[in-house]
Amino acid sequence: MTTGLGAVTYCGFCGKERAEGDHTACASRLGVIDPPRFCAQCARRMVVQVTPAGWTATCSRHGEIASAR
Amino acid sequence: MTAAPEQVDVLGVAREQVLEQGVGLSEEQVLEVLRLPDERIPELLELAHAVRMRWCGPEVEVEGIVSLKTGGCPEDCHFCSQSGQFPSPVRSAWLDIPGLVKAARQTAATGATEFCIVAAVRGPDKRLLSQVRDGIKAIREDGNDIQIACSLGMLTQEQVDELVEMGVHRYNHNLETARSHFPNVVTTHSWEERWDTLKMIRAAGMEVCCGGIIGMGETLEQRAEFAVQLAELEPDEVPLNFLIPNPGTPYENYPVVEGPEALRTVGAFRLALPRTILRFAGGRELTFGDLGAKQGMLGGVNAIIVGNYLTNLGRPAQQDLDMLTELSMPIKELSKTL
Ligand code: SF4
Ligand SMILES: [Zn+2]
Ligand SMILES: [Zn+2]
């Protein structure tokens with residue numbers, strides 16, 4: 001999974017600050033059964049398209065990220 | 001003097017009734033299977049596997065699915081992250097035609113014979129149907145002869161006819177859960193409305209794909225009820241999903257179905273539906289992990305969705321294909337399904 005070039009401030013699963021709270025449960029889903037839903041840089045909800053072999057997630061401010069596969 | 005009634009073992013009965021005669025279990029019998037202790041799961045799975053081999057054969061039907069229109073659905077199915085009625089993080093998205101063609105190509109490359117185009121809607125409108133039409137045309141122009149299935153919600157007779165004319169060979173429309181539990185899960189439409197669409201699909205000559213989700217607060221009795229209601233429909237395919245508790249949905253805090261319980265369900269559904277294509281669909285990764293997927297394939301399941309789902313990710317297709325090779329289960333070929 002790519003995370004873009006900017007700072008990874010927010011959790012892609014729950015959209016909250018990564019420095020705060022416990023994101024263990026989020027991490028167990030992210031990339032395993034869930035694509036990121038929140039932009040890591042600004043926590044905006046992204047437009048996500050899942051396809052059989054991958055996904056893309058687009059933040060209106062920070063652009064598109066995509067799965068490696 | 002009358003002898004005490006002999007305790008009849010449900011698996012013993014099933015061996016004769018289901019394996020030998022091909023007659024699915026009744027509601028009471030399915031319930032008995034769902035109540036079997038953990039120690040008897042291996043025996044159940046072995047029987048379910050024998051039933052599948054006898055009445056369906058060794059081949060596995062592989063399918064890929066893609067979401068053509070994601071999110072923003074007006075319905076309120078409580079498990080669904082695509083309902084516009086809940087604060088789910090899933091935003092609306094449309095896949096364009098080149099994206100659809102690419103998804104179909106990726107699916108065909110895995111050896112899959114089925115490609116299901118899905119939209120999060122109550123029922124299709126003109127725009128969606130014309131997108132599906134253009135999509136199918138583009139997939140064919142790409143030289144891809146994979147069989148196309150659709151899942152576009154509830155249909156009118158005209159829409160059923162239109163899909164037949166487009167060459168859609170199978171339609172997915174899940175009853176989701178037992179009739180008695182459905183009003184707890186969905187309030188914006190009824191189980192009966194879904195049933196009506198399914199009847200139209202069958203009458204029009206399309207294959208019927210109808211399943212549901214296990215783990216939505218239904219009782220074991222309702223699970224048994226659901227299995228026989230499906231059997232009554234005689235669907236060509238039953239996709240079995242296990243609830244993925246998705247954030248923002250009313251079921252976000254529901255527990256994941258435990259492996260043994262899920263395996264009992266798989267076995268019981270096979271014994272209720274000896275001839276149906278029983279497909280592992282969403283949630284198996286969370287419920288089973290790798291080992292359980294294998295146990296399910298050896299416990300009555302004879303079809304899988306490979307790759308990702310609609311809003312959730314699956315494991316890479318190759319991992320499932322390797323599993324089938326390891327289990328010496330041949331993938332159903334296109335020529336044999338036509
Ligand atoms: S109709 Fe389908 S997409 Fe819409 S909320 Fe129900 S399950 Fe989700
Ligand atoms: Zn988090
Ligand atoms: Zn952003």
Side-chain angles (χ1 to χ4, degrees), chain A, chain B residues 62-72 81-82 87-96 99-110 112 115-116 118 242 244-248 252-253 256 282-287 289 305-319:
Chain A
M1 170 168 67
T2 56
T3 48
L5 295 171
V8 180
T9 311
Y10 300 97
C11 170
F13 183 75
C14 70
K16 300 196 178 100
E17 277 192 48
R18 281 168 58 104
E20 279 168 30
D22 182 9
H23 298 276
T24 321
C26 305
S28 72
R29 289 192 53 158
L30 210 52
V32 184
I33 61 162
D34 286 283
R37 294 278 166 197
F38 297 93
C39 176
Q41 295 177 61
C42 71
R44 275 187 179 82
R45 279 195 308 152
M46 297 189 286
V47 174
V48 179
Q49 178 70 55
V50 174
T51 55
W55 52 261
T56 58
T58 311
C59 170
S60 56
R61 177 86 176 262
H62 295 102
E64 183 182 294
I65 57 171
S67 59
R69 57 181 161 100
Chain B
V62 176
E63 176 187 55
I65 63 175
V66 76
S67 179
L68 177 60
K69 186 244 168 198
T70 304
S81 63
Q82 303 196 66
S88 153
V90 173
R91 289 186 60 184
S92 296
W94 277 86
L95 185 63
D96 59 12
L100 190 68
V101 169
K102 189 174 163 204
R105 201 187 296 159
Q106 287 169 340
T107 298
T110 66
F115 180 63
C116 188
V118 187
F242 298 94
I244 297 175
N246 277 315
E252 68 178 334
N253 293 318
V256 170
R284 68 185 158 109
E285 295 77 8
L286 215 53
T287 287
I305 290 176
V306 291
N308 294 330
Y309 302 99
L310 305 173
T311 58
N312 288 109
L313 309 179
R315 49 185 204 169
Q318 194 54 49
Q319 221 173 313

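Residue numbers begin at 1 in each chain, while the letters A, B, ... track the order of the sequences.
Partners of Thr58(A) by side chain to side chain contact (heavy atoms under 4.5 Å, CB included), not counting sequence neighbours, listed by chain and number: Glu64(A).
Only the side chain of Pro247(B) comes within contact range of chain A, judged by heavy atoms closer than 4.5 Å. Contact of Ser81(B) with chain A is not made at all, since no heavy-atom distance falls under 4.5 Å.
In this structure, OG1 in Thr311(B) is found 9.5 Å from CD1 in Ile33(A), a value given to the nearest 0.5 Å.
Annotation for Arg29(A) and Pro245(B): closest pair NH1-O, 2.6 Å, computed over non-hydrogen atoms.
Other residues, nucleotides and ligands place more than 12 heavy atoms under 6.0 Å from the NZ atom of Lys69(B). More than 12 heavy atoms of other shown residues, nucleotides or ligands fall within 6.0 angstrom of atom CZ in Arg45(A).
At least one side-chain heavy atom of Gln49(A) sits less than 4.5 Å from a side-chain heavy atom of Leu95(B).
Leu313(B) pairs with exactly one of Val50(A), Asp34(A), Leu30(A) by the side-chain contact (heavy atoms from CB on, under 4.5 Å) rule, that one being Val50(A).
Interface remark: of the candidates Thr70(B), Thr110(B), Val306(B), Val90(B), Val90(B) forms the most heavy-atom pairs closer than 4.5 Å to chain A.
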Next item on the list: Apply side-chain contact (heavy atoms from CB on, under 4.5 Å) to the pair Val48(A) and Arg91(B), showing each step before the final yes or no.
Entry: CA-CA 7 Å; Val48(A) 179; Arg91(B) 289 186 60 184; over 6 Å; no
